[in-house]
Amino acid sequence: MIEIDDIKAGYGPINILWNLSLNIAEGKLTAIIGPNGAGKTTLLRAIMGLVSSSNGEIRINGIPVTGTPTWEMAQQGIVMIPEGRLIFRDMTVEENLIMGAFPKDKRSKLKTNLEKVYNFFPRLLERRSQLAGSLSGGESQMVAMGRGLMAEPKVIFLDEPSLGLAPVIVQEIFAIMKRLKDEGRTIVLVEQNFRFAAPLADRFYVMEHGVIVKQFAQNELAQNMGMLQEYLGV
C-alpha cells in the first residue's frame with residue numbers, strides 16, 4: 001500500500017534518514033522499532049510531508065506522493081497521532097475531537113464519528129466538556145487517538161502511544177489498537193514498549209542511525225529476540 005523507496009531526509013543541513021526503503025502492507029500493523037535517535041519519528045514525518053525529502057520517493061497504491069502537503073495526506077485518509085499527544089489544552093475534549101474532522105468529506109459525518117469515538121473511549125464521553133489541559137496522560141492519549149479517528153483514516157501512524165503512561169493505561173491503549181487492526185485499518189506503530197507491541201505486529205522494521213538494519217515477520221520474531229535484546233534491552 002505504502003512504498004518508501006531510497007528516502008533521504010532530515011532537518012535543514014542535518015540529515016537523519018539515509019536512503020531508507022520499506023513497504024507498509026494494507027490492513028496490517030507494521031512496527032518500527034529501534035533505540036532513541038534512530039530516526040523513527042523523522043520517518044513518519046517524512047511520509048506525512050512534515051519533513052522534506054532530498055532523495056527518493058514515497059508512493060501510495062503506486063501513486064507518488066513525495067512532497068505532498070500534510071493536509072492533503074489527511075484528505076487521502078492518512079493521519080498521524082504524534083508523540084507527546086499535542087492536544088489543544090485550552091479547548092474542551094469534544095472541541096479537540098471535532099478538530100480531527102478536517103477533511104471536507106468527513107464534516108457531514110461529524111455526529112456519527114463522534115459517537116464512534118465515544119464508543120471506543122467511553123471515558124471521553126464523560127469528560128466531553130472538560131478542558132483537555134486538565135486530563136491525565138492516559139486520557140490525553142485517548143483524545144489524540146480519538147481526534148485522529150474523526151477523519152475515518154485508512155492509515156494510522158502512531159508515534160510512541162504508551163510514552164509516560166501507567167501499565168494499566170498502556171494495556172487499554174493497545175486493546176484499542178487491536179480493535180482498529182481487527183477493523184482492517186493499516187497501522188504503522190513506532191513504540192519503545194516492545195512487550196505490548198510485539199503480539200500485534202505483522203511485520204517489524206528495526207532502525208538504527210537512520211537506516212533499516214533488519215526486517216522480519218511475526219513468525220520470525222522468536223529467532224530475532226537476541227538481536228532485539230541488543231537494540232532495545234527487551
Going through the checks in order, is the side-chain contact (heavy atoms from CB on, under 4.5 Å) test met by Leu44 and Leu158? CA-CA 9 Å; Leu44 298 190; Leu158 276 160; over 6 Å; no
Exam field: side chain [X] to backbone [Y], donor-acceptor pair closer than 3.5 Å:
| X | Y | answer |
| --- | --- | --- |
| Thr30 | Val188 | no |
| Thr70 | Met48 | yes |
| Thr186 | Gly27 | yes |
| Gln192 | Gly34 | yes |
| Ser53 | Ala9 | no |
| Arg185 | Pro153 | yes |
| Glu72 | Pro69 | no |

Nearest 0.5 Å, what's the CD-OG distance between Gln171 and Ser162?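 With rounding to 0.5 Å, CD (Gln171) is 11.5 Å from OG (Ser162).
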First locate atom CG of Asn113, then atom CG of Asn119, and finally report the distance between them rounded to the nearest 0.5 Å.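 One gets 12.0 Å once the value is rounded to the nearest 0.5 Å.
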Is the closest side-chain heavy-atom distance between [X] and [Y] below 4.5 Å?
| X | Y | answer |
| --- | --- | --- |
| Leu135 | Met142 | no |
| Phe120 | Arg179 | yes |
| Leu110 | Met150 | yes |

Is the closest basic N to carboxylate O distance between Arg123 and Glu172 below 4.0 Å? yes
Going by atom type alone, with no hydrogens or angles, which donor-acceptor pairs under 3.5 Å involve a side-chain atom of residues 200-207 and a protein atom two or more places apart or on another chain?
{"unit_1": "Asp202", "atom_1": "OD1", "unit_2": "Lys181", "atom_2": "NZ", "d": "3.4"}
{"unit_1": "Asp202", "atom_1": "OD2", "unit_2": "Leu29", "atom_2": "N", "d": "2.8"}
{"unit_1": "Asp202", "atom_1": "OD2", "unit_2": "Lys181", "atom_2": "NZ", "d": "3.2"}
{"unit_1": "Arg203", "atom_1": "NE", "unit_2": "Gln215", "atom_2": "OE1", "d": "3.3"}
{"unit_1": "Arg203", "atom_1": "NH2", "unit_2": "Gln215", "atom_2": "OE1", "d": "3.2"}
{"unit_1": "Tyr205", "atom_1": "OH", "unit_2": "Asn23", "atom_2": "N", "d": "3.2"}
{"unit_1": "Tyr205", "atom_1": "OH", "unit_2": "Asn23", "atom_2": "O", "d": "3.1"}

Give a yes-or-no answer on whether the side chains of Arg85 and Asn96 include a donor-acceptor pair shorter than 3.5 Å. no
No-hydrogen, no-angle side-chain donor-acceptor test under 3.5 Å, Ser134 and Gln130: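 Judged by distance alone, the side chains do pair up.
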Determine whether Met73 and Met80 satisfy the following criterion, side-chain contact (heavy atoms from CB on, under 4.5 Å), listing intermediate values before the conclusion. CA-CA 10 Å; Met73 296 293 282; Met80 179 174 173; over 6 Å; no
Any chance CD of Glu26 has more than 12 other-residue heavy atoms, nucleotides or ligands included, within less than 6.0 Å?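 Not buried by this count: 12 neighbours or fewer within 6.0 Å.
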Tell me if the CZ atom of Arg89 is crowded by more than 12 foreign heavy atoms within 6.0 Å.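 Counting neighbours around CZ of Arg89, 12 or fewer heavy atoms of other residues, nucleotides or ligands fall under 6.0 Å, so no.
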Would Gln141 and Leu163 count as a side-chain contact (heavy atoms from CB on, under 4.5 Å) here? Give the steps. CA-CA 9 Å; Gln141 183 62 53; Leu163 188 66; over 6 Å; no
Are Met145 and Val143 co-members of a hydrophobic cluster defined by side-chain heavy atoms under 4.5 Å apart?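 Linked, Val143 and Met145 end up in one cluster.
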Test log, rule side-chain contact (heavy atoms from CB on, under 4.5 Å), inputs Glu160 and Lys40: CA-CA 10 Å; Glu160 300 284 4; Lys40 305 182 298 295; 4.2 Å; yes
With sequence neighbours excluded, what pairs up with Lys178 under the salt bridge (Lys or Arg N to Asp or Glu O under 4.0 Å) test?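 Testing Lys178 for salt bridge (Lys or Arg N to Asp or Glu O under 4.0 Å), a comparison that skips the adjacent residues, returns Asp182.
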Which pairs pass ring-ring contact (aromatic ring centres under 6.0 Å, His included) with one or both residues in residues 159-193, sequence neighbours excluded?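 Listed by first then second residue: Phe174-Phe196.
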Paired with Thr42, the side chain to side chain contact (heavy atoms under 4.5 Å, CB included) test is passed by just one of Leu17, Leu50, Leu20, Ile47, namely Leu17
